[in-house]
Amino acid sequence: MSKKIPIHNIEPGTQKLEVYGQNSQQGNATKTIELYESRKKIYVKKMSGVFQRARSVSLWLLMAAYFSICWISINGQQLLHFDLPARKFYIYGMTFWPQEFVLLSILLIISAYGLFFITTLFGRVWCGYTCPQTAWTLIFMWIEEKTEGSRNQRIKLDEAEFSAKKLFKKTSKHALWMLVAFATGLTFVGYFYPMRELVPDLLTLSLDNSWAIFWIGFFTIATYINAGWLREQICLYMCPYARFQSVMFDADTLVVSYDAKRGESRGSRKRNTDYKAEGLGDCVDCGMCVQVCPTGIDIRDGLQYECIGCALCIDACDSIMEKMEYEKGLISYTTENRLEGKESHILRPKSIAYAALLSIMIGAFAYTLITRIPLGLDVIRDRGALYQLTGMGLLENAYTLKVMNMSDEEQNFTLTVSGIEGLMISTKTDITVHSGEVYTLPTSVEIDPKKMTKSTYDIQFKIQSKDDPELKAESESRFLGSIY
């Protein structure tokens, strides 16, 4: 007789669900799961190890870069400054304008393909080693440990009755949290409002920009709540990356995994005992992998979307294996194929496709950046009339030229047109365009109709800077007329 999955009706309003399954040690078991269970605070145990050190270095370097770059200036200009009122973006010594939005689009595509490529190969290393939420949470947890003590001390403190000592520790922790959160908000605004002006204006209470004050307050509160209170809730419920990562995972993706074949059955034992004879695996069921997990999961239950790939459980398990004089690697970075004893491949169609697309986009971005000219010219032909005859008997077409000076200095330009012998501009050809200005120039182009051998010609408008010979731009349009 075929086995069937038992089905149970859940009445409206009920909040519990009975799940039937098989436990490796208890046999058939029934477990009740709260469907609307309130959040349980996670007390993360401090752990040191190879991956924790690599993770700490990575996150602290990113934090150092975030808080320091806005203070660095080149020739009096902030290294990274998004000047929204002036519509200028100063990025590592280069000035960009909103008209160059295509560069931002390419950069975002590169970031997306880079994330897909890395995830396909190494899982969620972004979350564990470079994610801002992880970085700020690490800082807040470090403060919490310094003010309230170790994991056990924090648990006892929360369970203890109210006292002056408890009040002092809690107040110190939240005060330091708010200080870091304020520095975060201030630094973020410093990338849009010059930092060397923002801080003195704020200290002297002369900052009259209401939007700057609002965003400092907003990011202060957001950082305090996200890194101090929500923490893993951001990763579990708010981050979209956790939801679509499964599309990029396959049997050859390197992820944090527990070797169940080696570890089961679990159980405590003394060191140097013949645990194999007792039917036990290498897992001593100490729970250290759960205690150090920042999202509170048990990696022994298999791959879960809540896992951020931080590898703290690997360091924790390796430390226990070392004490028990067992081989390390019960929990490790590995692939599903390796766990099943199969051959694992780094190069596979999916990873090759992502690598190819990423290379193409990086090449396109580099080419666009290298050949970038801080000058734009758009030509719009007047569609109200195909052409007209002037009083001198010349054929005339009307155009509107838009000249975008994206350099940091005012430029004097000369305008020329070519495409037909004898073609000339009847309006002014010398213009001055300020830095960042989009100059609109209505103009007319004339020619002797006897020189027209066909009714339509492709013509080119060219604009050349008098001050910088390398600064020039061209745009194509059409000249219409009749054959005489």
Side-chain angles (χ1 to χ4, degrees), residues 86-89 94-109 364-365 367-484:
R87 293 175 176 82
K88 291 182 180 181
F89 307 100
M94 301 180 69
T95 304
F96 296 91
W97 301 82
Q99 293 86 349
E100 298 175 289
F101 182 79
V102 64
L103 288 172
L104 176 61
S105 302
I106 297 175
L107 191 59
L108 292 176
I109 294 173
F365 181 78
Y367 175 79
T368 305
L369 200 61
I370 293 172
T371 59
R372 170 182 176 264
I373 298 175
L375 176 64
L377 174 63
D378 289 335
V379 178
I380 304 171
R381 191 180 181 283
D382 184 6
R383 301 185 183 275
L386 295 179
Y387 60 89
Q388 61 184 2
L389 288 172
T390 66
M392 301 294 292
L394 301 177
L395 279 174
E396 181 183 68
N397 282 203
Y399 304 86
T400 299
L401 276 60
K402 291 186 178 295
V403 181
M404 294 167 283
N405 179 16
M406 294 178 285
S407 68
D408 293 328
E409 301 175 350
E410 179 181 281
Q411 298 287 341
N412 297 305
F413 294 103
T414 299
L415 178 66
T416 57
V417 65
S418 61
I420 314 174
E421 185 180 356
L423 194 67
M424 58 183 180
I425 298 174
S426 60
T427 54
K428 66 177 182 178
T429 57
D430 293 332
I431 58 174
T432 299
V433 185
H434 300 290
S435 174
E437 181 184 6
V438 179
Y439 188 90
T440 302
L441 176 66
T443 189
S444 298
V445 176
E446 300 174 345
I447 193 174
D448 186 342
K450 295 179 180 179
K451 296 184 179 182
M452 295 279 292
T453 58
K454 55 183 181 179
S455 59
T456 303
Y457 283 87
D458 291 329
I459 62 174
Q460 293 78 37
F461 286 89
K462 181 179 179 180
I463 191 165
Q464 170 81 52
S465 172
K466 297 179 180 179
D467 309 307
D468 183 0
E470 299 296 325
L471 193 59
K472 55 187 177 182
E474 294 185 6
S475 185
E476 190 175 274
S477 187
R478 288 194 171 188
F479 187 90
L480 305 180
S482 60
I483 304 174
Y484 288 84

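Along the sequence shown, the residues carry numbers beginning at 1. Just so you know, these numbers come straight off a predicted model, no measurement behind them.
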Minimum-distance pair of heavy atoms, taken over all atoms of Val445 and Phe479
O-CE1, 3.4 Å

Answer yes or no: is there a donor N or O on one side and an acceptor on the other, between the side chain of Ser435 and the main chain of Ser407, under 3.5 Å?
yes

Under 4.5 Å between any side-chain heavy atoms of Leu480 and Arg381, yes or no?
yes

Do the side chains of Pro98 and Phe89 get nearer than 4.5 Å, heavy atoms only?
yes

Check: Leu395 and Met452 side chains under 4.5 Å, non-hydrogen atoms
yes

So, do Ser418 and Lys462 sit near enough that their side-chain heavy atoms are less than 4.5 Å apart?
no

Nearest-0.5 Å distance that lies between atom CZ in Phe365 and atom CG in Leu108
10.0 Å

Backbone N or O of Ser426 within a donor-acceptor pair of the Ser444 side chain at under 3.5 Å?
no

For Pro449 against Gly393, the heavy-atom pair lying closest together
CD-O, 3.3 Å

Cationic tip of Arg372 above Phe96 ring, under 6.0 Å, 45° of axis:
yes

Heavy-atom closest contact (Glu396 atom, Thr390 atom, distance):
CB-CG2, 3.8 Å

If you look at every heavy atom in Asp408 and Thr95, which pair is closest and at what distance?
OD1-OG1, 3.1 Å

Where Lys451 and Ile447 come nearest, the two heavy atoms and their spacing:
CB-CD1, 4.3 Å

Does the side chain of Asp430 come within less than 4.5 Å of Phe413's, by heavy atoms?
no

Does Glu446 use its side chain to pair, donor to acceptor, with the backbone of Ile425 at less than 3.5 Å?
no

Might you point out which heavy atoms bring Tyr399 and Val379 nearest each other, and give the distance in Å?
CD2-CG1, 3.9 Å

Polar side chain donor-acceptor pair, Glu474 to Gln460, under 3.5 angstrom:
no

Taking the side chain as C-beta and beyond, is there a heavy-atom pair between Glu437 and Asn405 under 4.5 Å?
no

Could you check if a side-chain atom of Phe461 sits within less than 4.5 angstrom of a side-chain atom of Ile463, using non-hydrogen atoms only?
no

So, the side chain of Trp97 versus the backbone of Met406: is there a donor-acceptor pair under 3.5 Å, distance only?
yes

Is any side-chain heavy atom of Leu389 closer than 4.5 Å to one of Leu394?
no

No-hydrogen, no-angle side-chain donor-acceptor test under 3.5 Å, Gln411 and Ser465:
yes

For the CG atom of Asp458 and the OG atom of Ser477, what is their distance to the nearest 0.5 Å?
8.5 Å

